[in-house]
Structures are given as C-alpha cells and as structure tokens.
Amino acid sequence: MKKLAAALAIALALAQSAFSHTLDEYLQATLISLQKDRIDVSLRLTPGVAVFAEVFGGIDTDADRIISKTEQWDYAERVLGETSLSVDGNRLKPRLLSVDFPTVEQLKQGLGQIQIAFTADSPVGSSRRSLVFENHHQGRISAYLVNCLVPQDPHIRVIAQHRTDNQSSYQLDYMQSAADSALAAGSPTVRTWLDNFDAVPSMIRLGMRHIAEGTDHLLFLLVLLLPAPLRALRSRWIGFASARESLLQILRVVTAFTVGHSITLAFGALGVVSVPSGAVEMLIAISILVSAVHALRPVFPGREALLAGSFGLIHGLAFATSLGKLGLDPWQRGAGILGFNLGIEIMQVAVVAATMPSLILLNRTRAYSLVRIGGGVFAGLASLGWIVGGFVGVQNPMDAVLNSAARHGPWLFGALLLFSLACWALPAIRREPAGRYRTI
Amino acid sequence: MKKWLLSAACALGVPVLISLSLPAATTPTASHRIVTAANDFLSTLDATQRSKVLFAFDDAGQRARWSNLPTAMVPRGGISLAQMSPAQGKAAMALVSSALSPAGFEKVQQIMEGDEVNKAGGQNNPNRGPGPGRSAASAALFGKDLYYISILGTPSETDPWMLQFGGHHLALNITIAGERGVLTPTLTGAQPALFTVNGKIVRPLEGESDKAFALLGTLDEQQRSHAILSYRVADLVLGPGQDGKTIQPEGLKASAMTARQRAMLLELVSEWAGIIHESAAADRMAEIKAGLDETWFAWSGTTTVAPGSNLTAYYRVQGPTLVIEYAPQQLGGDPALHVHTMYRDPTNDYGRKLVAKP
C-alpha cells in the first residue's frame, strides 16, 4: 500500500514536472555522416509532453496504445518520406537501417527518444559536392537540429554548411577526392588551390543540367530553330533553304543566343546587374511567345540572330540567378561563370546536333510545315500559360507535359529523327527539289 | 661580523626551508588525497551499500547512465545521499570535494542547492524557475539529497578508476589515473538558474553566462558575422547519450581573435575545465590552450541579456579536444532560469586516453 502511494505521488509529480523537463516541441536532431560511398543519417526524435498526443496519434495508427513493430517501421518510412536527401540536385533513395522506439510511457513523459537510422549510396560525382537535407516532418510543432559529423575518411572534407532559420533545410558543401588521387595527399594549401579548379567541372555539369532541365530555355532555342531552314517573303514562309544555308542560319542563331546570355550571366553573377527573378521569368515567357509567333508567320525575317542575341540577354539573367543561389566566393564565382557557361554551351550544341538532322531531313518533305506549325502552336500555348500564370499565380498546365518531355529528351529526339526519316522515305510526302520556291 | 652574518642567514633561511619543505611533507598528492577519501567513504558503508556503489571499471552501461533529468525519471546507478546516514553522506561529499577544485565544488553545491529550492516549492522563493515543486510529491523528484555516487574500478593511486556523482542537472564523470584526471563528459545545469538563499542571489552558472556575454561584447562586426549563427539551436547537440561524436565546428575561430579575446575564451572554458582538482585542471587548460587556434566560438540567439540574469542564447566552444555547449531551455517559461550545459572531449570520453597510455 505504502509502495502504491509512493508510486502515485511520483506519477503526480511527473505529470506536473513534465513541462519543466522536456521540450514542449518535437525535437528532431539529425546527424549526417559522410562515408566513402554512402551517406549515413541518424535521426533522434524526442516528442515533448505538450505535443505527445499529436505525435503518438501518428504512430499508433490503430489506436490500441501499443506501438507494434509494423507501426514502428511504418512511422519510420513516413518520416523518411517527409524528408529528402539529395546530392548535387539528385534526390537519393535512402534505405532504413534501424528503428528503435522507447516505451509508450517514456514517450508520454517526454523522456523517450525515437531513433531512426538510414543510409543512401552517394552518387558518382565530381570532387566538389553539395548535399541538401530537408525535414518537413511535423513542421508546425517541431524544432530541428542538423549537424554533420567530422568525416573520418581523409578524402572527404567539409567546406561549408548553410541552414534555414529553423534548420528544416540544410546544405552541406564538401570535397570528396578519389581514394587513389594524389589530391588527398597534397598539403592543405595545394588542396585549397586545386579546389578552385575542381569547381569548374561541377559547374559545367550544373550548366548542362540547367539547360537540360530548364524547359523554358530549351523551348526558346528549339522554336527559334524551327524556321531556320526556311525563307520568308512578305510575312509568309515561302521556300526552303539549302542544307548549307540552313546550317549557317542555325549556327548564327545559336551563337547570337550564346553571346547574349554570356554577357548578362557575367554581369549578373558578379552582381553588377540584378533584376527580380519574377520579371526575368516573364520576359523569358514573352521571348518564347515571340519566337513561336515567328515560327508561324515571319515577323522579323532575316533578323533571327538579332532576336536570339537580345533574348539571350534575358536568359543570361536567369542563369545568373541560379548561379547566385550557390553562394560561391568571388574566385569560385569567376571559375563558376566560365564553367557554367561552358556547360550551357555543351548542352546547346548537343540539342542542336540532335535536332538538326531531323530538321534538314524534314526540310525535304511536305511534313515540315506540320512540324513547324505544331511546334509553334505548342510553344505559344506554353508561353501564354507562363505569362498568364505569372500574373494570376497559377501553375502552368503545360508544365507537366514539358517536364515529362524534358525527362524523356533523348527519346523524343530519336522519335523525331525516325519520323523525319519515315517522311523522307515516303515518296508521297517527299518534296521534289524543284519545289524549292513553292509556297508552303 | 662573519658570525653575525651566519646567524642572520640561519634566522632567515631556516623558516624559509621549513615552509618550503612543509607542503611537500604534509600536503598529499591529489591521487593520494582522493584515494584516501574514497577508501574513507567506502569504509563507512555496509556490504549491501558497497555492492551498490561499486562497478567494474569498464562497465559501459554504468558509465553512460547519466542525464540532466531528475533521478526518479532516469534512475542512476550507485546510492544517493538520501540512502546514507549523515556520516556516510559527509564522507561521500568529502570524496567529491577531494576530486574537485574549491570553485568546482562550490558550483556543484549550488546546483544541488537549486534542486532543494525546487523541492521547497515557489512559496518562499519568487526567483525560482517555472515548473513543478508545488506539491509534497515533488520531494520524490527534487532535493539536494537525491544525488548519487558510484565508483567504477578500485580506487588506486596508480591504476585508472572512476568516480561518478550526479542527479538532476548534474553528471560528473571523473576518471583518475595517478595525478592525472579527466572530467569529460560532464553535464551541469540549473533550474532555477537564479535563486536567493538568505537574501543572497545565487546563480550556479554565473561565470558560464557572464563570461560568454563579455566575450561576445568584445567582438567587432566582422568577428560577430562569423560567430553569430543565422539559425536557431533549440537544444544541446551532444547531450546525454552522444558520447564520442565530433560535429563539424562552426562560428569564429580563435585564430581570428585578439590576444585579449583569446584570454577571455580560455577564462570562459575554465568554468568547466576548472571544476576538477587544480593539477588536473592545469593539464587540461594547457591542452586546450595548445589547440586554441583550432578552437571555435559560435553563438545562436539574442545578443542581449537582462542585467543580473542569465543568457537566453545558445553558445558552443569547440576545439580539437573540446566541446562546450550552453543551452537555455525553452519551456514556456523564462529560459534564463533553466540552463543545460555540456562539457566534452570527444577524443577522451571517460578518460579513454589515460587508459590507453600505461
């Protein structure tokens, strides 16, 4: 009896004291450990007494006041699903390693720690990497802590850490050199000096990805190239240029675009000019609309290069914005602009190289006008969607189509080439060389 | 004349010689003093008590059995002062005192005194922190007698052994090997972190708060831009259960501090490093000083403090062999009245470097 009274007294005191000894938030502490070929993450979750009911409701899904093994793993999977781990923009697919739960009673008193460990293979990449960990689990009631353990692998070195105010988003920049590389053995000064050069290749990749994933830039470029093999007469596309002329025209357009965006990228990245990103996006949408109209009816025949150059200036501002987000120091920024631009160029050349044979082939068929008009209308709709969406603040319904198209880029180029070949091979569609100046 | 000189020399020299030889002859070495106190304490215990106090030196479970929480919530090993007779309790405190510096022992006593304020409740103490202690049941949770002592290994003047003492807001883990002593990991904390005893204001973690704030005040704009983190740190990163982990340091490096600021940083660190007895503390401070260039100072939260009160901002001092965290607790009350701190050497948890070196 005496024992029971004592236990009761303690329980009473515990109920009162809970607020003074445990957080009234859901504390979520993350430790990230960089390994040679993988990234280990451990999460330590401590629900405070004040938020216990809310957290527990999400764990004990069948409401039997018992946390079954299934519920433990389900909960861990859910937490995992509400976090994201990525390296250089590529989202990783972490695997749960272990889940450890305290008793319900401990949790209730704010003493219990839920421990979740997971791991993900680190992608093959360049030596300079950027990891981003985001945690949005129970965002309203949570306090987040994120830290990185000092890497034990001598080939891995942390460069910088950035966090949002509440630590729900965390970025870790680090260097990882190949184990057999002489780099790692070098003195710290040599390594720091070399880091700047290492920044270039990763920047090139970033530039390439920016074009490959930036559907707006791609769309602009492709639409501008659509009428390249054509000749205009009085606001109508009337004839076909030779393969050599078409090639030269394509080259002119691409070069002008490059010169344009290089200028503003350099100025923008160095902070000389800065334009609000909303305005830049709007201008880019307008540039696509203009070139889409031009593909349907020539509005500035013969001056495509000038147009490409001036719109290039606008696109360069957007590149500068994405480069500015990386938070590089001036030296890295200089190397970054160079690398980023090179990456954009490589990707542009690849896109042009992939479309050119199709365009030149199609140029020899009656199907060309179909492709030109279809492409122009599609791009015009997409840009209108962006323009209207920008004002009203709605997602462009064309985005989904565009994004999936961008993801399947190589397949689409292949399909276009097959289509061109088919058209060219069919005598009914194939156009006689004599029909060079025939109205189309 | 010669005779006069000789007698003068004797008159002056003999007392000097005596006073020089006296400390060596009568002051025992630190290890002798601590081992004697340990054996005195053990001799006061009965067999049952002794079996509860003693653990194997390498008992990893007992080593890590410490917390900031009240002992009723997280049970500690060993026996508490409440389970001892007055004579046994006195011997226990004498043992704790023998391993600490006078300032360190005073800090420990103030932390325990704060818990006694918790037990007494709020009626007679307007300065006590938010939270419990208003019912009789809080006697089961709080009070200066709810501190536990345990000994790992056999007290020896040559071989390593450990003394643990702790309870609510206190966890001393002291590894002793001859004259050397290691205090890491150790947790100090206080709630209330400000209270009055006989009209006198007591702040157990006064130096920890004031010295850090003074150091922050000397930083120029550029130094502050490095030292002050842009994000909130809600709690200790390397609290209980996080032994042996080294996080990537952040903040302002001491190599970018002036000589005066570096001295102030060392002075701040001594609040923890100086808890242990003087000779061990001197070794430890020398070690921390040697790594000072690679030591970082990071601050998160408000850069102001109410006069006479404690910081409500988090800060961290991290060096090659050092992690100190100061974390005010946000509990719907005043964080200035509830503080947790952590003192670590991730390379030397429970004195593992002492053991590795014979």
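The shown structure was predicted, so the numbers you read here are calculated from the model rather than taken from an experiment. Excluded from the calculations below are hydrogen atoms, water molecules and symmetry mates; all remaining heavy atoms, backbone and side chain alike, are included. Proteins come first, then strands; the chains are lettered A, B, ... in the order of their sequence lines, and each starts at number 1.
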Drop me the distance from [X]'s [atom1] to [Y]'s [atom2], to the nearest 0.5 angstrom.
{"X": "A:Q161", "Y": "B:I247", "atom1": "CD", "atom2": "CD1", "result": "8.0 Å"}
{"X": "B:S230", "Y": "A:Q167", "atom1": "OG", "atom2": "CD", "result": "9.0 Å"}
{"X": "B:K245", "Y": "A:S42", "atom1": "NZ", "atom2": "OG", "result": "5.5 Å"}
{"X": "A:T164", "Y": "B:Y231", "atom1": "OG1", "atom2": "OH", "result": "11.0 Å"}
{"X": "A:Q152", "Y": "B:T246", "atom1": "CD", "atom2": "OG1", "result": "7.0 Å"}
{"X": "A:L34", "Y": "B:Q248", "atom1": "CG", "atom2": "CD", "result": "9.0 Å"}

| query | Which atoms of A:L145 come close to chain B, meaning under 4.5 Å heavy atom to heavy atom: side chain ones, backbone ones, both, or neither? | reply | side chain
| task | Please look at A:L31 and chain B and tell me whether the side chain, the backbone, both or neither of the residue comes under 4.5 angstrom of a heavy atom of that chain. | result | side chain
| said: Suppose the criterion is salt bridge (Lys or Arg N to Asp or Glu O under 4.0 Å): which pairs have a residue in residues 132-147 of chain A, not counting sequence neighbours? | reply: A:E54-A:R140
| Which pairs with one or both residues in residues 161-170 of chain A pass salt bridge (Lys or Arg N to Asp or Glu O under 4.0 Å), sequence neighbours excluded? | A:R163-B:E250
